[in-house]
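In what follows, chains are A, B, ... by sequence order, proteins preceding strands, each numbered from 1. Note that the structure is a prediction, hence the values are computed from the model and not measured.
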Number of protein chains: 2
Amino acid sequence: MQARANLKIVSGGEPCAGPGAGRCANCGARALSVCAQVSDAGLSRMEALSEEVELRPGEILAREGDAAAHVFNITGGAVRVYKLMADGRRQIIGFLFAGDFLGLTSDKDYAFSAEALEPVTACRFNRKGYMGVVEQFPELESALLSRFTSDLSAAQAHMLLLVRKTARERVASFLLDLSARAARRGADADSVHLVMTRGEIADYLGLTLETVSRTLSALKSKGAIRQTDSRTYTILARRQLEAMSGA
Amino acid sequence: MQARANLKIVSGGEPCAGPGAGRCANCGARALSVCAQVSDAGLSRMEALSEEVELRPGEILAREGDAAAHVFNITGGAVRVYKLMADGRRQIIGFLFAGDFLGLTSDKDYAFSAEALEPVTACRFNRKGYMGVVEQFPELESALLSRFTSDLSAAQAHMLLLVRKTARERVASFLLDLSARAARRGADADSVHLVMTRGEIADYLGLTLETVSRTLSALKSKGAIRQTDSRTYTILARRQLEAMSGA
DNA sequence: CGGCATCTTTGATCTGAATCAAGCTTGAGT
DNA sequence: ACTCAAGCTTGATTCAGATCAAAGATGCCG
């Protein structure tokens, strides 16, 4: 099973090679790379819990309130994670790409929903088994803690954005963030491809789709970005964009 | 040293007795109560790392960007946790009361600042030592993971509030949240005492202090709450308040 | 008790982004 | 190549909450 490759422990923390797509042994391994000392026994128990899955756009990986059955290690494609209010108002919590994890929780149920934006490939684990194995390997557990720490601090930074930044600052921050993620995947940092719609960006940034569209147009006419096609932008003046992103 | 009492392991997860103030052995213990099996050796190592501290209003427990030296278990008083933008815009991430933890992170540095609102008593640990001991006791570690999980899901719920809720929904949610915390501490759930200023509430809810004041006045004139003094409100119509809190 | 600083309330006005409203572009399916 | 639906852009208008402004309340300290 190909998925096993995702658990192979690599020596260092070398950057994920390929530009996002397909199987990427390093993506998964990098996330766990602190645990080079994990015994073969532990590793093979992990492998036994894993299963490779593919999801079509629109397919649901997790639904808010449902029992948290799985942990996913995304190996390709893009996922949106969101919460809904009773009356349908939606907040997108974040977007996940290759190398990201989903469903790590010690709660019984998922606290959010997650849906594939594009065709997604992922390595899926039984959550209880996963958490059980993690508990037995301190190195894995501290990797998990540091993942939570960084998720939490990202959530807090995003709160700051949502409450205190203007529409322009939010959109500029968003483009820079996607650019940084592209760079981490080894792709061209100046070419930002939006896999999500304007409406989804809006729901992530706390704006409306019209405001996102207008703001992108404004950044374009200021010469900070150039639009290749309706979903791809090139960053022309990174410095300027950073200045507009508000800290 | 009194602080040791905070680490005493209690049998169940019984609610913290006193209404917030002073030393409360159960508060600390409750947070760690899953680990009834921790050996005496582990417990005494924890105790050796602990130290009781008192802080005056305005004193800083942690500063964003500084080395994360300590973990605090708040035993009395109230703390505000916040982030700043370069130009001074402030976002309050949350308020902490007796029983809450601060500084649990696997990052080198604090990602936020924290300041005492009232006189605060806390049990302070050397963070590295604390994390080290935690790693050796799986029960402690999974308590920590579940704390992170709930912090993260609280942060995500707060994002939803910040982006999608109206001013009235935010203020109603805030009052209900404080009421729930009071109930957990064993205090009267219908009497909500605000230890923070209108400006601090505003910075937490993503509003201005004028809007918070106006909204409280509006809730008062609708008969949902009654004002005892400028910092204390009584919930008169909880059902109504819940309906106004938007999900 | 009195004086001063801090916090709170309320009113008047302004404004950034939402909402309402057309067209326009893109791409998948036939 | 044509059709239709989904997504995007742009314009006009509205509105919730911000900002500006000015009294009251509260409370601390000498």
### Query
For R198(A) and dT26(C), what is the distance between atoms CZ and C1' respectively, to the nearest whole Å?
12 Å
### Query
Crowded around K220(A) NZ? As in, over 12 foreign heavy atoms under 6.0 Å?
yes
#### Entry: R231(B), CZ: over 12 other non-hydrogen atoms inside 6.0 angstrom
yes
### Message
Nearest to the side chain of S217(A), heavy atoms from C-beta on, is which of dC8(D), dT8(C), dT9(D)?
### Response
dT9(D)
### Task
Grab the OH-P distance between Y233(A) and dC8(D) for me, whole Å please.
9 Å
### Task
Can you sort out the partners of R238(A) under side-chain hydrogen bond (donor to acceptor under 3.5 Å, both in side chains), two or more places apart, ordered by chain and number?
S179(A), D190(A)
### Message
When you compare the side chains of E64(A) and Y110(A), does any donor N or O come within less than 3.5 Å of an acceptor on the partner?
### Response
no
### Query
Could you state the CG-C1' distance from L216(B) to dA25(D), rounded to the nearest angstrom?
16 Å
### Query
Which whole-number value in Å describes the distance from L219(B) CG to dT9(C) P?
12 Å
### Task
Report yes if the side chains of V53(B) and F72(B) come closer than 4.5 Å at any heavy-atom pair, otherwise no.
yes
#### Entry: Within 45° cone of F97(B) ring axis and under 6.0 Å: R181(B) NZ or CZ
no
### Query
Within the structure, does a side-chain N or O atom of R231(B) lie under 4.0 Å from either OP1 or OP2 of dT8(C)?
yes
### Query
Within the structure shown, what part of the strands sits under 4.0 Å from S213(A) by heavy-atom distance: base, sugar-phosphate, or nothing?
base
### Task
Would you indicate what Q227(B) reaches in the nucleic acid, counting non-hydrogen atoms under 4.0 angstrom: base, sugar-phosphate, or nothing?
sugar-phosphate
Please enumerate all protein N or O atoms sitting under 3.5 Å from an N or O of nucleotides 16-23 of chain C, with distances to 0.1 Å.
residue : atom : partner : partner atom : Å
dA17(C) : OP1  : A167(A) : N            : 2.8
dA18(C) : OP1  : T208(A) : N            : 3.3
dA18(C) : OP2  : T208(A) : N            : 3.2
dA18(C) : OP2  : T208(A) : OG1          : 2.9
dA18(C) : OP2  : T211(A) : OG1          : 2.3
dT19(C) : O4   : R214(A) : NH2          : 2.9
dC20(C) : N4   : E210(A) : OE2          : 3.2

